[in-house]
Amino acid sequence: MHGWFLKLFKSGRQNKNSKTGEKPAGAASCESKSPSSASSEETSVAKPQQLNTALSSELRWKRKYDVFVCHSFAEKDTEEAKRLVSFLETPPRSLRCFLWHRDSCPGSAISTEFCKALENSHLQALLITPSFVQDDWCSYMMHQTLAERPMSNTMIPLLLDLAHSQYPQELRFYYYIDLSRNPDYGFNVVNKTVQSYLEKLIQSEEKLNHSLGGSSEAVHQMEETTCKKAT
């Protein structure tokens, strides 16, 4: 008799669990994710957030342009520069670029406009082609960049249809991106270079603020200690 009641009691509990949707103890959840999938998902979420932080930083907006694109007046070079700028400005990249034929102020001196744009840009991309090395304005801008920011890692030489022997001697210490082989890949490298520069700019500022904050706190504590001893 006791065994019959025990069997009936167990059957009632199973029916109750099935109605309420409860899972038996120790059952694995179908919705659980493996550590590898969870980490990859966190990485995919964190990367856009880091990118958005770099693009929205106050340090970035202290300059009007992210990239100054310097190219010759040749039609082919102009079209290639337009393609590069279109790629960099399209979301989610959303970079701010300077193109002389689009962003220069009408009526202003060319040298004035170029120097202003150079000063207001974080980086400079030089589209180095056979026409570039023969263009006086391109030579002028290249030397201006070298004079104002020597060895500062803000110059991005882009080689297109140019033999290595024709590469400007002034830039022999700079790595260049060869657009002749794969322009789309080269454009991606330019974008990553600019984004990386902006991220490092933020990190450097945060480290500086942290060190200054720590120094001021130490000075404050020292002042409090001195006051206590005096009293």
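What's counted below: heavy atoms across the whole structure, side chains too, no hydrogens, waters or symmetry copies.
- Using a 4.5 Å heavy-atom threshold, the side chains of F132 and S139 count as separate.
- For residues 154-171, every residue pair satisfying the salt bridge (Lys or Arg N to Asp or Glu O under 4.0 Å) rule, not counting sequence neighbours, is listed here: K76-D161.
- Under the 4.5 Å side-chain heavy-atom criterion for Ile, Leu, Val, Met, Phe, Trp and Tyr, L59 and V67 are members of the same hydrophobic cluster.
- Remark: I128 CD1 to C138 SG distance equals 9.5 Å, nearest 0.5 Å.
- D66 places a side-chain N or O within donor-acceptor distance of the main-chain N or O of R96, the cut-off being under 3.5 Å.
- Under a 3.5 Å cut-off, the side chain of S86 and the backbone N or O of K82 do not form any donor-acceptor pair.
- L158 and F114 fall into different hydrophobic clusters, defined by Ile, Leu, Val, Met, Phe, Trp and Tyr side-chain heavy atoms under 4.5 Å apart, directly or through other members.
- L123 is listed as a side-chain neighbour of I156, based on a closest heavy-atom distance under 4.5 Å.
- Counting heavy atoms from C-beta outward, L198 and I202 have side chains that stay 4.5 Å or more apart.
- At least one side-chain heavy atom of F68 sits under 4.5 Å from a side-chain heavy atom of M141.
- Y176 places a side-chain heavy atom less than 4.5 Å from the side chain of H164.
- Ion pairing of D184 with R83 is present here, as a side-chain N (NZ or NE/NH1/NH2) and a carboxylate O approach within less than 4.0 Å.
- Inter-residue side-chain proximity for W100 and W137 is flagged as unmet; no heavy-atom pair is nearer than 4.5 Å.
- Within the structure, the side chain to side chain donor-acceptor pair (under 3.5 Å) test picks out the following pairs touching residues 111-122 (sequence neighbours left out): S108-E113.
- A continuous path of hydrophobic side-chain contacts links V69 to L179 [ILVMFWY only; heavy atoms under 4.5 Å].
- At a threshold of 4.5 Å between side-chain heavy atoms, the hydrophobic network of Ile, Leu, Val, Met, Phe, Trp and Tyr places V190 and Y65 in two separate groups.
- Although no hydrogens or angles enter the test, the distance criterion places no donor-acceptor pair under 3.5 Å between the side chain of D135 and the main chain of S131.
- The existence of a salt bridge linking E89 and R102 is confirmed by a sub-4.0 Å separation between a basic side-chain nitrogen and an acidic carboxylate oxygen.
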